[in-house]
Amino acid sequence: NIKPLADRVLIEPMAAETKTASGLYIPDTAKEKPQKGKVVAVGPGTKDDKVTVKVGDTVLYGKYAGTELKLEGTDYLMMRESDILAII
């Protein structure tokens, strides 16, 4: 169980698309890094800024944002709230 500090957010990336809109399958070597994920844990924020995302929110983030972590066989991303682009 990870508890992020300050304005950091723990995100579980969603799986990359395996099929295009036209029905073609994408090989593993050509898949894009996912830019969408689910918020798993949220820090308390800083004294100046409170965190606006909540656990369970689905968010969009930059392609190379955050630090990759692996915990109990699951991949996660730890990033600052400012690296999150939108809540969807």
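Keep in mind it's a predicted model, so treat the numbers as computed, not measured. Basis for what follows: all heavy atoms, side chains included, without hydrogens, waters or symmetry-related copies.
The two residues D75 and E12 have their closest heavy-atom pair at O-CG, 4.0 Å. Closest non-hydrogen pair, I11 versus Y61, comes out as CG2-CE2, 4.0 Å. Counting all heavy atoms, side chain and backbone alike, P44 lies closest to P4 at CD-O, 3.7 Å. Here the closest heavy-atom approach between residue Y76 and residue V40 is recorded as CE2-CG2, 4.0 Å. When every heavy atom of A41 is checked against every heavy atom of I2, the shortest pair comes out as CB-O, 3.6 Å. Across all their heavy atoms, L69 and L10 have their closest contact at CD1-CD1, 4.0 Å.
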*T67 and M79: side-chain contact (heavy atoms from CB on, under 4.5 Å), yes or no, with the steps?*
CA-CA 6 Å; T67 303; M79 66 182 70; over 6 Å; no
*asked:* side-chain contact (heavy atoms from CB on, under 4.5 Å), that's the test. Do L85 and Q35 meet it? Break it down for me.
replied: CA-CA 10 Å; L85 306 174; Q35 291 177 270; 5.6 Å; no
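In this structure, CG in N1 is found 9.0 Å from CD in E72, a value given to the nearest 0.5 Å. Here the CG-NZ distance, from D57 to K38, works out to 10.0 Å after rounding to the nearest 0.5 Å.
The environment of CD1 in I88 is crowded: more than 12 heavy-atom neighbours from other residues, nucleotides or ligands sit within 6.0 Å. Other residues, nucleotides and ligands place more than 12 heavy atoms under 6.0 Å from the NZ atom of K3.
A heavy-atom distance below 4.5 Å is not found between the side chains of V59 and K36. Residues K54 and V39 have side chains not in contact (no heavy-atom distance under 4.5 Å, counting atoms from C-beta outward).
Neither I87 nor M78 shares a network with the other; the hydrophobic side chains, linked directly or stepwise wherever heavy atoms of I, L, V, M, F, W or Y lie under 4.5 Å apart, form separate groups for each.
Qualifying side chain to side chain donor-acceptor pair (under 3.5 Å) partners for T58, counting only residues two or more places apart in sequence or in other chains: none. S22 is linked by a side chain to side chain donor-acceptor pair (under 3.5 Å) to T20, counting only residues two or more places apart in sequence or in another chain. With sequence neighbours left out, the side chain to side chain donor-acceptor pair (under 3.5 Å) criterion links T18 to no other residue.
Put simply, the side chain of D49 never gets that close to the backbone of T46: no donor and acceptor are under 3.5 Å apart. Looking only at distances, a side-chain donor or acceptor of E81 sits under 3.5 Å from a matching main-chain atom of V53.
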